[in-house]
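Here is the structure we will look at, set down as structure tokens.
When reading the values below, keep in mind they use all heavy atoms of this one structure, side chains included, and skip hydrogens, waters and symmetry mates. Since the model is a prediction, treat every value here as computed from it, not as a measurement.
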Amino acid sequence: MSAIPVADDMLDPSVAVLTVAEVADRIGQSENKVRQMLRDGHLIAVRRNGALLIPADFVGTEGAIKGLPGTITVLSDAGFSRTEMLRWLYSEDESLPGVTPINALRTSHGTEVKRRAQAMAF
């Protein structure tokens, strides 16, 4: 079994996080399924006090929010580490709807977020 990639815990304390068990409960899947989503790059987790924690902003009732897995893939292909991805997803950009890439994804502006992520790769 491959290790789950984990980002450095650079999240602002105001960012709500969920345990693997809480994500599993929210999406109606097993904890193993959530761990597989982390391994597959559909979600990003941080480790805090030994626990894997996933930003609540990343998860809807059916799994990762629309556009997040594709954005993670684009950023990964561009050479971003998990920590750099988190930093970018939560960085303020007044020109984006929602002010941050993660909020833009949550408000159905995934195409614009992915376009910007692709532009950073060049």
Using a 3.5 Å distance criterion without hydrogens, assess whether the side chain of R48 forms a donor-acceptor pair with backbone atoms of L53. no

Run Q118 and K114 through side chain to side chain contact (heavy atoms under 4.5 Å, CB included) and show every step you take. CA-CA 6 Å; Q118 288 169 331; K114 192 181 280 188; 4.2 Å; yes

Transitive ILVMFWY side-chain link M10 to L68, under 4.5 Å: yes

Is there a side chain to side chain contact (heavy atoms under 4.5 Å, CB included) between V15 and Y90 once you walk through the steps? CA-CA 9 Å; V15 174; Y90 281 99; 3.6 Å; yes

Roughly how far, to the nearest 0.5 Å, is the CG atom of L75 from the CD atom of E84? 9.5 Å

Report the C-alpha separation of R116 and E112 in whole Å, then their side-chain angles, then the decisive distance to 0.1 Å, and conclude whether the salt bridge (charged side-chain N to carboxylate O under 4.0 Å, His left out) test is met. CA-CA 6 Å; R116 290 182 189 209; E112 179 61 17; 2.6 Å; yes

For Q36 and R39, which I'm curious about, is there any donor-acceptor pair between the side chains at under 3.5 Å? yes

Mind checking the CD1-CD1 spacing from I72 to I44? Nearest 0.5 Å is all I need. 4.0 Å

Here the gap from I102 atom CD1 to L96 atom CG, rounded to the nearest 0.5 Å, amounts to 11.5 Å

Would a distance-only check, ignoring hydrogens and angles, find a side-chain to backbone donor-acceptor pair under 3.5 Å from D40 to H42? no

Looking only at heavy atoms, what is the nearest atom pair of A7 and L86, with distance? CB-CD1, 3.5 Å

When you check the side-chain N and O atoms of N32 and S30, is any donor under 3.5 Å from an acceptor? no

Mind checking the CD1-CE spacing from I4 to M37? Nearest 0.5 Å is all I need. 12.0 Å

Which atom pair, heavy atoms only, marks the closest approach of V113 to P101? CG2-O, 3.6 Å

Nearest 0.5 Å please: distance from the CG atom of D9 over to the OG1 atom of T83. 9.0 Å

Quick check: closest heavy atoms across L11 and P55, and the distance to 0.1 Å? CD1-CG, 3.9 Å

Restricting to non-hydrogen atoms, name the atom on A64 and the atom on L43 that form the minimum distance, rounded to 0.1 Å. CB-CD2, 3.8 Å

Please say whether more than 12 non-hydrogen atoms of neighbouring residues, nucleotides or ligands are located less than 6.0 Å from CG in D12. yes

For G60 and I65, work out which heavy atoms get closest and say how close. N-CG2, 3.9 Å

Taking all atoms of both residues into account, what is the closest heavy-atom pair of H109 and P97, and its distance? CD2-CG, 3.5 Å

Taking C-beta and beyond as the side chain, do V59 and V34 meet within less than 4.5 Å on heavy atoms? no

Checking side chain to side chain contact (heavy atoms under 4.5 Å, CB included) for the pair K66/S108: CA distance, chi angles, key distance, verdict? CA-CA 8 Å; K66 183 178 178 186; S108 301; over 6 Å; no

Has the side chain of R106 got a donor or acceptor atom that lies under 3.5 Å from a matching backbone atom of D57? yes

Is there a side-chain contact between L18 and D25, using heavy atoms and a 4.5 Å cut-off? no

The reported gap from OG1 in T100 to CD in E94 (rounded to nearest 0.5 angstrom) is 10.0 Å

Ignoring hydrogens and geometry, is there a side-chain-to-backbone donor-acceptor pair from S91 to W88 under 3.5 Å? yes

